[in-house]
Amino acid sequence: MTDTIVVPRTIFKGYLGIMAGTTFLTAGGLLNKHPKISKTFTAAGLLTSLYGTWAFVRPFIVKDAKGVEKR
């Protein structure tokens with residue numbers, strides 16, 4: 001069999017962003033004794049997860065974006 005699936009690179013970036021964001025959020029939750037570090041990790045986790053979500057769904061929302069297969 002020679003089946004192939006075309007997956008845009010942004011979906012892979014989305015997975016990485018969501019996983020990294022979850023890691024940052026977990027680290028922020030575990031470091032409650034240090035409020036500045038905790039808030040920094042939480043903010044970084046939210047922003048990274050937001051980017052990951054956008055990168056994951058972008059090929060499905062913006063059909064004319066660079067890197068989206070049109071066939």
Practice task
Might you point out which heavy atoms bring Gly28 and Ser38 nearest each other, and give the distance in Å?
Solution key: O-OG, 2.7 Å
Handout entry: Partners meeting ring-ring contact (aromatic ring centres under 6.0 Å, His included) with Tyr51 (sequence neighbours left out)
Key = none
Practice task
Kindly compute the distance separating CD1 (Ile18) from CG (Leu50), expressed to the nearest 0.5 Å.
Solution key: 10.0 Å
Completion exercise
Value for NZ (Lys13) from OG1 (Thr10), rounded to nearest 0.5 Å, stands at 7.5 Å
Exercise for the section: Run through the side-chain heavy atoms of Ile, Leu, Val, Met, Phe, Trp and Tyr, join any pair under 4.5 Å, and report what else lands in Phe24's cluster. Expected result: Leu31, Ile37, Phe41
Exercise for the section: Taking all heavy atoms of Gly21 and all of Ser49, pick out the closest pair and write down the distance. Expected result: CA-OG, 3.3 Å
Completion exercise
Sequence neighbours excluded, the answer for side chain to side chain contact (heavy atoms under 4.5 Å, CB included) partners of Leu46 is Leu25, Thr42
Exercise for the section: Just jot down the side chain to side chain contact (heavy atoms under 4.5 Å, CB included) partners of Thr26, sequence neighbours excluded, or say none. Expected result: Thr22, Leu30
Exercise for the section: List in chain and number order the residues that pass side chain to side chain contact (heavy atoms under 4.5 Å, CB included) with Leu47, two or more places apart in sequence or in another chain; answer none if no residue qualifies. Expected result: none
